[in-house]
Amino acid sequence: MPIYRLSVNGAEHRVDTDADRPLLDVLREDLHLTGTKYGCGEGQCRACSVLIDGKALPSCRMPVSAATGKQITTIEGLAKGAALHRVQQAFLDEGAMQCGYCVPGMIVSTVALLDRTAKPTDEQIIAGLNGNLCRCAGYSRIVAAVRRAAGGNHA
Ligand code: FES
Ligand code: FES
């Protein structure tokens, strides 16, 4: 099988696998980065979102061959040592999780949103997280966590 070079969380990896294998499977099974979750496997829930060159994208539908040469960041790559990323801390502080399954994807999407729009309005938060599904329907706390991560309410 071909070998693909992946840059994940600042580390270089060589992965011997099929070209069309989903990036999500490689992250979870080969690199043991299990923070990224498998939800629908069809690009519909965004539980599997990772940052690819700074953009939050579902990894379940991306073939590994398309991810070579790009900077990939998973939920594991956001904290710096023991210090959580401010978005992770905001989700904790707001209690913005019930089962927690959607949260890695929500956090990754929030990081990308705040990178584009540092002080989003509530409408921009909702639009930015559109497509990230929470089966526990914890949306109000999730929006509150994004507001907190952005430094306050900008509605
Ligand atoms: S598991 Fe990728 S979008 Fe649902
Ligand atoms: S907290 Fe359970 S799916 Fe969102």
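Counting convention: from 1, in listed order, for ligands and their atoms alike. Quick note: numbers below take in every heavy atom, side chains included, and nothing from hydrogens, waters or symmetry partners.
In this structure, CG on L78 lies 7.0 Å from NZ on K80, to the nearest 0.5 angstrom.
Taking 2.8 Å as the threshold, C134 counts as a candidate ligand of atom 4 (Fe) of ligand 2, since one of its N, O or S atoms lies below it. Residue side and main chain included, C99 places no N/O/S atom under 2.8 Å of atom 4 (Fe) of ligand 2.
Side-chain heavy atoms closer than 4.5 Å link hydrophobic residues (I, L, V, M, F, W, Y) into clusters, and following such links, even through other members, never connects V108 to Y38.
With contacts defined as side-chain heavy-atom distances shorter than 4.5 Å, the pair V50/V8 does not qualify. Annotation: side chain of P120 is in contact with side chain of L114 (closest heavy-atom distance under 4.5 Å).
The contact set between ligand 2 and C136, taken as ligand atoms under 4.0 Å from a residue heavy atom, comprises 1 (S), 2 (Fe), 3 (S). Residue G39 approaches ligand 1 through these ligand atoms, each under 4.0 Å from one of its heavy atoms: 1 (S). Atom numbering of ligand 1 starts at 1 in the shown order; those under 4.0 Å from a heavy atom of G43 are 3 (S). Less than 4.0 angstrom separates some heavy atom of R46 from each of these atoms of ligand 1: 3 (S), 4 (Fe). The contact set between ligand 1 and C45, taken as ligand atoms under 4.0 Å from a residue heavy atom, comprises 1 (S), 3 (S), 4 (Fe). In the vicinity of G41, heavy-atom distances shorter than 4.0 Å reach the ligand 1 atoms 1 (S), 4 (Fe). Atoms of ligand 1 lying under 4.0 Å from at least one heavy atom of C40, given by number and element, are 1 (S), 3 (S), 4 (Fe).
Not a single heavy atom of G138 sits closer than 4.0 Å to an atom of ligand 2.
Checked by atom type and distance alone, the side chain of K55 never pairs as donor or acceptor with a backbone atom of A112 at under 3.5 Å. In this structure a side-chain-to-backbone donor-acceptor pair under 3.5 Å is missing from S109 to M106. Between the E76 side chain and the T34 main chain, a donor and an acceptor come within less than 3.5 Å of each other.
With 3.5 Å as the limit, one finds no donor-acceptor pair spanning the side chains of E123 and T121.
For atom 3 (S) of ligand 2, the nearest non-hydrogen atom of the protein is R135 N, 3.2 Å.
Annotation: cation-pi geometry satisfied between R135 and Y101 (NZ/CZ under 6.0 angstrom from ring centroid, within 45° of ring axis).
Under 4.0 Å from ligand 1, the heavy atoms of Q44 that appear belong solely to its backbone.
Seen from atom 2 (Fe) of ligand 1, atom SG on C60 and atom SG on C48 lie at an angle near 110° (rounded to 10 degrees).
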